[in-house]
Amino acid sequence: MTQTGAEHVEGTARHTDFDVILIGAGLTGIYQLIKLRETGLRVRCFEGGGGVGGTWYWNRYPGARLDSESYTYQYSFAEEMLAEWDWTQEFAGQPELETYFNRVVDQYDLRKDIQLNTPIDSMTFDEQSNNWTVTTRGGEQFTSHLVVTATGILSAPLYPDTPGLENYQGEVYHTATWPDTEVEFAGKKVIIFGTGATGVQLITEVAKQDVEKLTIFQRTANWAIPLRNHDLSADEMSNIRAGYQELFPWLRTTFSGFVHNWDPTPTTAYTPEELLARYELAWSRPGFAKWTGLPLDVGTDPEVNQGWCDFVAGKIRERVTDPKVADMLIPDHLYGTKRVPCESGYYESFNQDNVELISLQENPVLEYTATGVRTAQGDIDADMICFATGFYAFTGALDRIDITGQGGRKLKDEWEDGPVTFMGVQVDGFPNLLINGGPHGKGGHGNSTRCSEPVVEWTADLVKYIFDNNIARVEPDPEAQRRWTDHVYEVANGTLMSRTKSFFFGDNVPGKKRAYLAYVGALPAFVNDLQAMAADGYPDLIFTK
């Protein structure tokens, strides 16, 4: 293998510290490190957190849990782990997931190549050497020929822009940076901001604690569906394990990598009575059987979708005793046009006398005070404020790094009006930078592990190709990038979710220009396009020898 570990610049040998620098040791970064090490290259992984696991290291809040079935979310390549690891529940919680990812890291002896507690502050491309200089927040500098990012699509926490938080004297937590020590809720007045996916989980658990008062501020209601989690028996786990050989290849054929796939039988094929029975069957099943397992026209036809919305709204009203509160919890957007949370007793939480739901539309928070918050209708005291307010999704983690490409171009500036990418893996003007788990990739609309694994494998093959062929630069063809970005928007604009404000369009970030950030096409087609391009010699990438 020909490597570019040493180059001559003006007669002096220029050595890179590493062939490849990898940023992020979450579920994508862990597998990417394994695949890159298989190439024999010098690789270093930098992780901002104090441990591995990404989402499952940071998000330690009470109730943090998968909504993909545990056995579909694990790595398909880790044969020893598949043979020995027993999932305790159909939908694993945060502690079990963090343990799992640490076990994989130890199984593959990865810790020697991971530097923890090392957030990256900046990256600069040198046009003379065709290498990147990467600077950590602590001031260390490293050079590498390639940089691969695995920074995650939901890893840059977002706080409301309400003034005065520094004045508040109580406890403050964000679900995305929850402490690793136990937080005591009993006897306290608690405020939670947010009723999205994390808010649904956190609210359910905090309401079970002996809190004096739980006040929940809601900006917009979300459709939430029963998770229907259960403990896995030894026999169930044995049967699941026996099916792994067929399961993982099949998951690569489903629309989003979930065990549930859209049902091609339209709702028009049913009588009203049969359709109600079909909906009740879906409702009784676990997880996203009540989303990506529904008839396909629920996701494409607004009139059909509204029928399902009416069905779910009826279920909410059955569970919430106060009709006014039930009305507040029923969204005004179509189902699935925002991320659909899964819940385990969420709606019953609002039947408790010590739980209050406040609409931020009707009673906005004006500022934080020393003892709580000041709303338009008066002050509310709290011993603790918890933010379940989401993320700067898709671009946020990369925007936090000052990334400078050719001619001093800044990635954040290039994406100011919305990201432009080639298949979510490269950006024109930023050579030798490969992205896994950023904007315009498949990970935002699917089972994260199933969506990332094929891209990790494709990336590792490309990296090997670059070093085998002594490539100085790799960058996307600008025309190919334009075609892909246009395609991303074309597909998104043809969906029902284009009618709704959501983090998929950056609508959750005040002042951010609306732009689609993910990719809503089918996983198999996305992977096939990547693989076909590789088989054809990467015609949409420009290589400089």
Side-chain angles (χ1 to χ4, degrees), residues 16-38 41-61 64 73-75 78 94-95 97-123 132-144 146-157 174-180 391-403 433-438 441 443 448-449 452-453 455-456 459-460 463:
T16 57
D17 295 305
F18 305 102
D19 297 314
V20 186
I21 283 178
L22 172 63
I23 303 176
L27 73 86
T28 296
I30 289 168
Y31 187 33
Q32 191 71 78
L33 180 56
I34 291 170
K35 296 303 291 183
L36 289 174
R37 287 210 323 197
E38 289 176 358
L41 299 169
R42 296 170 298 135
V43 183
R44 188 69 168 171
C45 177
F46 294 100
E47 164 57 46
V52 301
T55 292
W56 305 109
Y57 168 81
W58 291 106
N59 291 258
R60 301 168 178 269
Y61 63 88
Y73 189 85
Q74 65 188 324
Y75 292 126
Q94 181 273 332
L97 288 158
E98 185 179 11
T99 300
Y100 171 79
F101 287 110
N102 273 277
R103 182 76 63 83
V104 173
V105 165
D106 290 335
Q107 188 88 38
Y108 287 84
D109 192 25
L110 301 182
R111 295 190 192 277
K112 61 186 179 185
D113 293 321
I114 300 174
Q115 185 167 319
L116 300 174
N117 298 305
T118 310
I120 301 303
D121 188 58
S122 67
M123 293 165 38
W132 284 93
T133 298
V134 176
T135 305
T136 71
R137 192 166 299 168
E140 294 180 288
Q141 285 195 335
F142 303 92
T143 57
S144 67
L146 302 179
V147 172
V148 179
T149 63
T151 49
I153 59 175
L154 297 173
S155 53
H174 194 293
T175 52
T177 55
W178 203 265
D180 59 3
F391 302 87
Y392 296 89
F394 297 94
T395 59
L398 292 170
D399 283 348
R400 289 185 302 184
I401 304 172
D402 182 16
I403 301 177
L433 172 62
L434 302 174
I435 299 170
N436 194 335
S448 298
T449 319
S452 75
E453 275 191 359
V455 183
V456 165
T459 301
V463 168

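All values reported here derive from a predicted model rather than from experimental measurement.
When the side-chain hydrogen bond (donor to acceptor under 3.5 Å, both in side chains) test is applied to Asp180, no partner is found at least two apart in sequence or on another chain. The ring-ring contact (aromatic ring centres under 6.0 Å, His included) search around Tyr100 returns Trp85, Trp87, not counting sequence neighbours. Considering only residues two or more places apart in sequence or on other chains, Pro119 meets the side-chain contact (heavy atoms from CB on, under 4.5 Å) condition with Arg137. In this view, Tyr57 and Arg60, Glu98 satisfy the side-chain contact (heavy atoms from CB on, under 4.5 Å) rule, not counting sequence neighbours. Partners of Ser144 under the side-chain contact (heavy atoms from CB on, under 4.5 Å) rule, at least two apart in sequence or in another chain, are Phe18, Ile21, Trp132, Val147. With sequence neighbours excluded, the residues satisfying side-chain contact (heavy atoms from CB on, under 4.5 Å) with Tyr392 are Ala156, Leu158, Val509.
Atom OG1 of Thr28 and atom CG of Leu22 lie 10.0 Å apart (nearest 0.5 Å). Note that CG of Leu154 is 8.0 Å distant from OG of Ser448, once rounded to the nearest 0.5 Å. Asp109 CG to Ile34 CD1: the interatomic distance, rounded to the nearest 0.5 Å, is 11.0 Å. Here CD of Gln32 is found 9.5 Å from OG1 of Thr149. Values are rounded to the nearest 0.5 Å. A distance of 9.0 Å separates CG of Leu146 from CG of Leu36, quoted to the nearest 0.5 Å. One finds the OG1 atom of Thr459 at 11.0 Å from the OH atom of Tyr31 (value rounded to the nearest 0.5 Å).
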Next item on the list: Output, in order, the C-alpha distance, side-chain angles, deciding distance and verdict of side-chain contact (heavy atoms from CB on, under 4.5 Å) for Asp121 and Thr136.
Entry: CA-CA 5 Å; Asp121 188 58; Thr136 71; over 6 Å; no
Next item on the list: Just do the side-chain contact (heavy atoms from CB on, under 4.5 Å) check on Arg111 and Asn102 with the steps written out, would you?
Entry: CA-CA 10 Å; Arg111 295 190 192 277; Asn102 273 277; 2.8 Å; yes
Next item on the list: Apply side-chain contact (heavy atoms from CB on, under 4.5 Å) to Leu97 and Tyr73, showing your working.
Entry: CA-CA 10 Å; Leu97 288 158; Tyr73 189 85; 4.2 Å; yes
Next item on the list: Go through the steps for Asp113 and Cys45 under the test side-chain contact (heavy atoms from CB on, under 4.5 Å), then give the verdict.
Entry: CA-CA 6 Å; Asp113 293 321; Cys45 177; 5.7 Å; no
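Looking at Gln141 and Thr135, their side chains do bring a donor and an acceptor atom within 3.5 Å of each other.
Summarising the geometry of Pro157 relative to Thr177, their closest heavy-atom pair is CG-CG2, 4.0 Å, with the distance given to 0.1 Å.
Checked for salt-bridge contact, Asp17 and Arg44 miss the test: no charged N lies under 4.0 Å from a carboxylate O.
Between Ile23 and Val148 the shortest side-chain heavy-atom distance does not fall below 4.5 Å. Taking 4.5 Å as the limit, some side-chain heavy atom of Leu110 sits within range of a side-chain heavy atom of Arg37. Side-chain contact between Val134 and Thr143 is absent, with no heavy atoms from C-beta onward closer than 4.5 Å.
In this structure, Phe101 has its ring center under 6.0 Å from that of Tyr75.
Checked against Glu47 for a side-chain contact (heavy atoms from CB on, under 4.5 Å), the options Leu116, Val52, Thr118, Thr151 give a single hit: Leu116.
The backbone N or O of Arg42 lies less than 3.5 Å from a partner atom in the side chain of Asp19, making a donor-acceptor pair. Counting only distance, with no hydrogens or angles, the side chain of Gln115 and the backbone of Phe46 share no donor-acceptor pair below 3.5 Å.
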